[in-house]
Participant: 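Pasting in a structure now, in structure tokens, and then I'll have a few things to ask.
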Amino acid sequence: MTMGDGWTAAVRDRLAPGRLLPLGAAAGAWLAERAAREALVRAAAGVRGAVPGRLRIGAATGPDLPDPPFPDPPFPVPPGGLAPGPLRIEAEFAAVAVGRPLPETAEEVRAVLLAAATELGLAVTEADLRVTHLLEEAPADGPAPPSPGRGVPATDDPVALAVLLVPGVAAVTGALGPPVLRARGAVRVEFAVAADHPPAEVARAARAAAAAEAPADVAVTVVITEVR
């Protein structure tokens with residue numbers, strides 16, 4: 001591997017989590033798009049007659065929404081993060097052409113995606129669907145398996161140790177940098193959440209635990225990079 005290849009791999013690894021999506025309107029918590037996408041695709045794969053494809057999550061836009069939705073976010077937005085506000089899903093799927101009307105399949109896919117997003121704690125207000133092609137029968141293969149988890153970085157930071165005691169926190173992570181990133185007036189913690197716990201609830205508890213250990217005059221934010 002050349003030095004250029006090494007840098008390319010490092011950049012690709014750093015960008016792997018995708019955009020950071022706000023959990024709620026002003027919670028000071030974000031969820032990696034990759035983790036959200038995997039959960040949504042798994043949910044959509046359970047719809048009879050639908051085979052999920054490409055899925056993206058971004059900021060909702062429209063004549064009734066300010067730009068940006070919250071011009072002055074109450075917490076510092078992490079690099080690669082979207083400011084707090086409503087979100088929009090853009091999803092593609094293939095549909096089995098026989099046995100079920102296409103509009104019925106599409107409406108169930110939309111309902112399932114919106115429900116799954118709500119369970120994650122994402123403020124998704126709309127889902128734009130696109131049928132890419134029609135199938136005579138569903139393929140035998142199921143949805144792609146979740147991305148493998150990263151190694152757990154070693155840390156003795158008291159903020160990280162406090163977050164690890166929160167029920168539902170599976171591990172601290174280092175996808176975006178060190179598990180605890182300290183900057184002037186701010187502390188950011190990143191971690192993975194166990195799949196059987198609601199990410200938004202864990203994020204709120206983790207932020208409270210981190211804030212209790214951090215100096216009183218800093219803004220504490222948290223980022224969930226994985227759902228394990």
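Start at 1 with the first residue, then count along the sequence. Keep in mind that the numbers below use all heavy atoms, side chains included, and drop hydrogens, waters and symmetry copies.
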Participant: Any non-hydrogen side-chain atom of V159 less than 4.5 Å from a side-chain atom of P179?
Facilitator: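 SC-SC contact between V159 and P179 ruled out.
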Participant: Under 3.5 Å, is there a donor-acceptor pair between the side chain of E33 and the main chain of I57?
Facilitator: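 Looks like yes, one N/O pair under 3.5 Å.
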Participant: Atom CG in L102, atom CD in E107: separation rounded to 0.5 Å?
Facilitator: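 Between atom CG of L102 and atom CD of E107 there are 10.0 Å.
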Participant: Between W30 (side chain) and L82 (backbone), is there a donor-acceptor pair under 3.5 Å?
Facilitator: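 Yes, the answer is positive, given that a donor and an acceptor are paired below the 3.5 Å cut-off.
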Participant: Could you list the donor-acceptor pairs under 3.5 angstrom formed between side-chain atoms of residues 192-210 and any protein atom two or more places apart in sequence or on another chain?
Facilitator:
residue : atom : partner : partner atom : Å
R207    : NE   : A27     : O            : 3.1
R207    : NH1  : V220    : O            : 3.2

Participant: Closest heavy-atom contact between T125 and A60?
Facilitator: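 Heavy atoms of T125 and A60 come nearest at OG1-CB, 3.8 Å.
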Participant: For E90, check side-chain hydrogen bond (donor to acceptor under 3.5 Å, both in side chains) against everything at least two apart and list the hits.
Facilitator: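 side-chain hydrogen bond (donor to acceptor under 3.5 Å, both in side chains) list for E90, sorted by chain: R88.
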Participant: What distance separates L31 CG from L20 CG, expressed to the nearest 0.5 Å?
Facilitator: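 The distance works out to 8.5 Å.
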Participant: How many angstroms lie between CD in E104 and CZ in R48, if you round to the nearest 0.5 Å?
Facilitator: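 Those atoms lie 6.5 Å apart.
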Participant: Ignoring hydrogens, what is the shortest heavy-atom contact between A117 and I89? Give both atom names and the distance.
Facilitator: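 Answer, listing the atom of A117 first, then I89: CB-CD1, 4.4 Å.
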Participant: Give the minimum heavy-atom separation between L55 and A91, together with the two atoms involved.
Facilitator: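 That would be CD1-CB, 3.9 Å.
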Participant: Consider only side-chain heavy atoms of I, L, V, M, F, W and Y, link residues closer than 4.5 Å, and tell whether L181 and F191 are in one cluster.
Facilitator: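 No; tracing contacts between hydrophobic side chains, which count when under 4.5 Å, never links both residues.
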Participant: Can you tell me how far apart CZ (F93) and CG (L113) are? Round to the nearest 0.5 Å.
Facilitator: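 It comes to 9.0 Å.
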Participant: Keeping to residues at least two apart or across chains, list the side chain to side chain donor-acceptor pair (under 3.5 Å) pairs with something in residues 210-222.
Facilitator: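 Every pair satisfying side chain to side chain donor-acceptor pair (under 3.5 Å) with a residue in residues 210-222: there are none.
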Participant: Other members of the hydrophobic cluster containing V51, with the 4.5 Å side-chain heavy-atom rule, please.
Facilitator: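 Its cluster partners, ordered by chain and number, are L135.
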Participant: The criterion is side-chain contact (heavy atoms from CB on, under 4.5 Å); which residues satisfy it with T132, sequence neighbours excluded?
Facilitator: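 Scan of T132 (side-chain contact (heavy atoms from CB on, under 4.5 Å), adjacent residues dropped) gives E92, A94, R130.
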Participant: If you compare all heavy atoms of L114 against all heavy atoms of A127, which two are closest, and at what distance to 0.1 Å?
Facilitator: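 Minimum heavy-atom contact is CD2-CB, 4.2 Å.
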Participant: In chain order, what residues pass the salt bridge (Lys or Arg N to Asp or Glu O under 4.0 Å) check against E108, with sequence neighbours excluded?
Facilitator: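 Checked E108 against salt bridge (Lys or Arg N to Asp or Glu O under 4.0 Å); matches are R100.
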Participant: What pairs with E119 under side-chain hydrogen bond (donor to acceptor under 3.5 Å, both in side chains), at least two apart in sequence or on another chain?
Facilitator: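 Residues passing side-chain hydrogen bond (donor to acceptor under 3.5 Å, both in side chains) with E119: none at all.
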Participant: Mind checking what makes side-chain contact (heavy atoms from CB on, under 4.5 Å) contact with L164, not counting sequence neighbours?
Facilitator: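 L161, V169, V172.
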Participant: Mind running side-chain contact (heavy atoms from CB on, under 4.5 Å) on L21 and L120 for me, showing each step along the way?
Facilitator: CA-CA 11 Å; L21 310 172; L120 290 173; over 6 Å; no
Participant: Could you name each residue pair satisfying salt bridge (Lys or Arg N to Asp or Glu O under 4.0 Å) that touches residues 163-172, not counting sequence neighbours?
Facilitator: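 Listed by first then second residue: nothing to list.
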Participant: Among all residues two or more places apart in sequence or in another chain, which pass the side-chain contact (heavy atoms from CB on, under 4.5 Å) test with A116?
Facilitator: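 By the side-chain contact (heavy atoms from CB on, under 4.5 Å) rule, A116 matches L40, A43.
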Participant: Checking E190 side chain against T225 main chain: does a donor-acceptor pair fall under 3.5 Å?
Facilitator: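 Not a single qualifying donor-acceptor pair exists.
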Participant: Tell me, do P52 and V47 make a side-chain contact under 4.5 Å, heavy atoms counted?
Facilitator: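 No; the side chains remain at least 4.5 Å from each other.
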Participant: Which residues pass the side-chain contact (heavy atoms from CB on, under 4.5 Å) test with P79, not counting sequence neighbours?
Facilitator: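 For P79, the residues satisfying side-chain contact (heavy atoms from CB on, under 4.5 Å) (neighbours in sequence not counted) are R188.
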Participant: For the residue pair L122 and L23, establish whether any side-chain heavy-atom pair is separated by less than 4.5 Å.
Facilitator: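 Answer yes - side chains close enough.
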